[in-house]
Amino acid sequence: MDKRYNPVEVEEKWSAIWEKRRLKNSGSDSTFSQVIPPPNVTGTLHMGHSFQYAIMDFYTRYHHMNGKDAYWQVGADHAGIATQMVVENNLAKEDKSKDDLGREEFLKEVWAWKEYSEKNITSQIKRLGCSVDWKKYRFTFDDDFNKAVNKAFVDLYKKDKIYRGYRLVNWDPSLKTAVSDLEVYRQEKEGKLWYIKYPLHGKNEFLTVATTRPETMFGDMAVAVNPKDKKYSQYIGEYIDLPFVGRKIPIIGEDYVDASFGSGCLKITPGHDFNDYEIGKKLCLHEVDGVIKTSKNIEDFEPISIFDDNAYSNNSVPDNFKNLDRFKVRKLVLEELEKLGLLEKEEKHQISIPRGERSDIVIEPKLSYQWYVKTKDMAAKANEAVNSGKIKFHPENWLKTYFNWMNNIEDWCISRQIWWGHRIPAWYDEDGNAYVGLNEEDVRQTYNLGNLPLKQDEDVLDTWFSSSLWPFASLGWPEQTEDLKKYFPTSLLITGFDIIFFWVARMMMMSIEFTGKVPFENVYVTGLIRDENGQKMSKSKGNIIDPLDLIYGIELEDLVKKRTSNLMQEKIANKIERKTRGQFPKGIDSYGTDALRMTFYSLATHSKDISFEFGRLKGYRNFCTKVWNAARFINNYSEYNQTFISKDKSDEWIYAEFNKSIKQIKRNVESYRLDYAINEIYEFFWNKFCDVYLEECKKSGNTENLRPLLKEILLVLHPFAPFLTEEIHTILFDDPIL
RNA sequence: GCGUCCAUAGCUCAGUUGGUUAGAGUACCUGCUCGACACGCAGGGGGUCGUUAGUUCGAAUCUAACUGGACGCACCA
């Protein structure tokens, strides 16, 4: 044995062995199962993945060693929008767009990328020593999974839990697709509130409306005032002549209007604002010969849409405002209003702008046909499972976050106007009637359509729709496979708090819907890995650490290159380079996977942000060396007991301490406190076993118990540091642990 | 607006039911090349536990207010 432990060599050896095997306790009637949150095939894995996989692997090995039939389902996610964006960006570098290629050719490109990314990801998972069965690998867009997705869609449709609706959605003008509420974030910003004078019809008077979005005035269909507002209530029933357009729009009374805000008059633009849409719907606003009318018939409701898919003004606006970007329209509208003397004033105003989480572009509410899942009933059932204790959250306080969202859940828009994803299993005839079925043949038979020309829906499903089926579909559903029977519901789900709504809640709803069972019994919600200052790791901040660089180490020049290449803004490269050189003047050392794993466990506290810190990593690398050297020392004694037999006070003491530690560790592991657990074994090994017991043994010469005790310790340590312990165990006992 | 979380050593964090002198890793200081390990050993310094008031025999821990910070949800045009 070398004086220093060389993790890289040892780890490469064992990970190559482990990737070919499958942990099995087939005789056991008690199982432990979990599914991997399938990583997106968008590139490579980051620290957050490594962190969570380290914990998942811990639990898999731990339960396996405790006699359970432990199973960890592995796989990857096709990640619709995210992956499509990566491939589109790659094409853009060659000055090509997806439309140049066409749908079929483009999808070929995406599949090629998927292969590339998948190879990276799987090799990384293997390198971390994850005990998964690679023969059971699943991809959310493989053929069987596609069937499961179609079946889920069709079943929900038949149960009237999926419907198609024409309404306002969050439209991403850069991706040109609808996105769900969750995929929109709000940016707080200082904006402006413009006061615009709207001329009253047949009078030489004006009503002043206040708006943050003057460009949408072409879509105005009413002006609303509060009926209790004495200043304006007399105008209810009169009309406005909408400037530029000449449309006659009614002045209506609406309790929703806050008389004290702005001018107290609110312009109603049902085609471009969610609140206005609701008001417009209530009054069934529609235009007849340049006049907006109200009615009691919901069929009449017809909002005016003034932007196209790119958020450029369309034919519903006057000629000189046509075919312009919405922000240019705004500028022009303000200029023209000014010229007409209709712009009364502008005020500074705090606004929150909706932006697409992927594209960062300002979301434009847009009228369109989309598919929706009715969520209220499903959410109620999921909540019931939580309330009855069938699903437990760890730590529990995440329940509040969960309920906060679930109790106010809205229908889920699941259609996306992109190409990479599960095509919606709906077919249309020439009149636009939709038929839903597993495939075209199924549709023709079910609806008795004969040879009627049919065209499949061009849209694909939200990625989270397929992800929500993952816990059971990855195990074989809708087939009643052995795996499904044995490992479902799964025991544990380990995931970050950031996807409780996106994923955890939706898995719960879908699982109960389709299997009648909860998807998992326990949810261990982890924090998110941040840099050493608690900052989110991102390419643009230049603070990304690749877990592989911690395992293998990296030269400074390579690290600088890695951090400064492919930046969106070239300007920040210098800053990042300086920062990197300052922080890592000698590059990054090689620490090995076990040290990294143990660092992750020690950081797995119950806080939301987890600052990754090199001090810890160094400490655990030192610990690995310590364990190695203790083993090397013990290996020098050729006489030893087969099992631990207490001979003196020192023996009794260490064995009692060891048993205390084992008990603590068990307790901590079961309560999802791996930070306590790792600390316990660390402290026992270093402070008690090495510093005290080993020294006592040297003095007394009673060294026969060292070897059997080390063997026992290695077993306890194994799920924390699998490579190191396997190597030592094999050297000293000529036999691997697992 | 509603809600959640955080503030403890230079740094990053624990503090598991309210109970001795508040802990760990790292960094720092002083000795040690003495046969496992200098990625080590033996010592050491370093904290008014964000502020204030309260509950209590006893508070880092419970309560309230405040200050500073992170985040989630819903939003007034």
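Just so it is clear: chains get the letters A, B, ... in the order the sequence lines come, proteins before strands, and each one is counted from 1.
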What distance, rounded to whole Å, do you find between the two [atom1] atoms, one in [N] and one in [M]?
N	M	atom1	value
G50(B)	G43(B)	C1'	34 Å
A24(B)	U33(B)	C1'	29 Å
A77(B)	C13(B)	P	36 Å
G45(B)	G10(B)	C1'	12 Å
A38(B)	C32(B)	C1'	10 Å
G18(B)	G3(B)	P	25 Å
U8(B)	G23(B)	C1'	10 Å
A60(B)	G19(B)	C1'	13 Å

Counting only Watson-Crick or G-U wobble pairs whose two distances fall under 3.5 Å, which nucleotide matches [N]?
N	value
G1(B)	C73(B)
A7(B)	U67(B)
G19(B)	C57(B)
A27(B)	none

Discussion item. Closest-nucleotide mapping onto RNA chain B: is Arg621(A) or Val184(A) further toward the 5' terminus? I mean the 5' end.
Written reply: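 With Arg621(A) and Val184(A) compared, the 5'-side residue is Arg621(A).
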Worksheet item: Which sits closer to the 5' end of RNA chain B, Lys267(A) or Phe612(A), going by the nucleotide each is nearest to?
Response: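 Nearest-nucleotide comparison on RNA chain B picks Phe612(A).
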Sugar-phosphate, base or nothing in reach of [X], heavy atoms under 4.0 Å:
X	value
Glu695(A)	base
Val209(A)	nothing
Arg673(A)	sugar-phosphate
Asp691(A)	sugar-phosphate

Where the side chain of [X] is concerned, which of [options] is the nearest nucleotide?
X	options	value
Lys608(A)	C75(B), G40(B), C71(B)	C71(B)
Thr401(A)	A36(B), A77(B), G72(B)	G72(B)
Lys698(A)	A77(B), A36(B), U16(B)	A36(B)
Leu182(A)	C73(B), U16(B), A74(B)	C73(B)
Asn404(A)	U4(B), A36(B), C73(B)	C73(B)
Phe261(A)	A14(B), G72(B), A77(B)	A77(B)
Tyr256(A)	A77(B), U16(B), A14(B)	A77(B)
Leu266(A)	A14(B), A77(B), A70(B)	A77(B)

Please work out which of the three classes, parallel, tilted or perpendicular, describes the rings of [Y] and [X], given edges at 30° and 60°.
X	Y	result
His272(A)	Phe307(A)	perpendicular
Tyr59(A)	Tyr62(A)	perpendicular
Trp628(A)	Tyr5(A)	tilted

Item to complete: Kindly indicate, with the supporting measurements, whether the criterion salt bridge (charged side-chain N to carboxylate O under 4.0 Å, His left out) is fulfilled by Lys345(A) and Glu347(A).
Response: CA-CA 7 Å; Lys345(A) 59 172 175 174; Glu347(A) 268 177 6; 3.3 Å; yes
Worksheet item: For Trp398(A), which of Phe403(A), Trp405(A), Phe497(A) qualifies under ring-ring contact (aromatic ring centres under 6.0 Å, His included)?
Response: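 For Trp398(A), the ring-ring contact (aromatic ring centres under 6.0 Å, His included) check succeeds only for Phe497(A).
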Worksheet entry | Ionic contact status for Arg326(A) with Glu215(A), cut-off 4.0 Å |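 Judged by the 4.0 Å cut-off on N to carboxylate O distance, Glu215(A) and Arg326(A) do not form a salt bridge.
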Worksheet item: Is Lys376(A) salt-bridged to Asp411(A), going by a charged N under 4.0 Å from an acidic O?
Response: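 Salt bridge: no.
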Side-chain N or O of [X] versus OP1/OP2 of [N]: is the shortest distance under 4.0 Å?
X	N	answer
Tyr185(A)	C73(B)	no
Trp686(A)	C41(B)	yes
Ser611(A)	C11(B)	no
Thr605(A)	G15(B)	no

Worksheet entry | Strand contacts (RNA chain B) in residues 724-731 of chain A, 4.0 angstrom heavy-atom criterion |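 RNA chain B contact set from residues 724-731 of chain A: none.
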Quickly work out the [X] [atom1] to [N] [atom2] distance and round it to whole Å.
X	N	atom1	atom2	result
Arg186(A)	G72(B)	CZ	P	13 Å
Lys400(A)	G3(B)	NZ	P	11 Å
Ile249(A)	A77(B)	CD1	C1'	14 Å
Phe600(A)	U12(B)	CZ	P	18 Å

Discussion item. Tell me whether the side-chain N or O atoms of Thr625(A) pair up with the base of C37(B) as donor and acceptor below 3.5 Å, since no angle test is needed here.
Written reply: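 For Thr625(A), whose side chain was compared with the base of C37(B), there is no donor-acceptor pair (under 3.5 Å).
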Worksheet item: Going by modelled atom types, is there a donor-acceptor pair between the base of C37(B) and the side chain of Lys3(A) at under 3.5 Å?
Response: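 No, no donor-acceptor pair under 3.5 Å.
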Distances under 3.5 Å between protein N/O atoms and the N/O atoms of nucleotides 17-25 of chain B, please, pair by pair.
{"unit_1": "G25(B)", "atom_1": "O2'", "unit_2": "Gly615(A)", "atom_2": "O", "d": "3.2"}
{"unit_1": "G25(B)", "atom_1": "N2", "unit_2": "Glu613(A)", "atom_2": "OE2", "d": "2.8"}

Face-on cation placement of [X] at [Y] ring, 6.0 Å and 45° thresholds:
X	Y	result
Lys698(A)	Phe633(A)	yes
Arg247(A)	Phe218(A)	no
Arg707(A)	Phe733(A)	yes

Fill in: Close aromatic pair by centroid cut-off 6.0 Å: Phe206(A) and Tyr198(A)
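No, they do not, as the ring centres are separated by 6.0 Å or more.
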Discussion item. Which residue is it: Lys228(A), Lys282(A), Lys267(A)? I am looking for the one with a salt bridge (Lys or Arg N to Asp or Glu O under 4.0 Å) to Glu254(A).
Written reply: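 Exactly one option meets the salt bridge (Lys or Arg N to Asp or Glu O under 4.0 Å) with Glu254(A), and it is Lys282(A).
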Item to complete: With sequence neighbours excluded, tell me which residues meet ring pair (Phe, Tyr, Trp, His ring centres under 6.0 Å) with Phe393(A).
Response: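 Ring pair (Phe, Tyr, Trp, His ring centres under 6.0 Å) check on Phe393(A) returns Tyr402(A).
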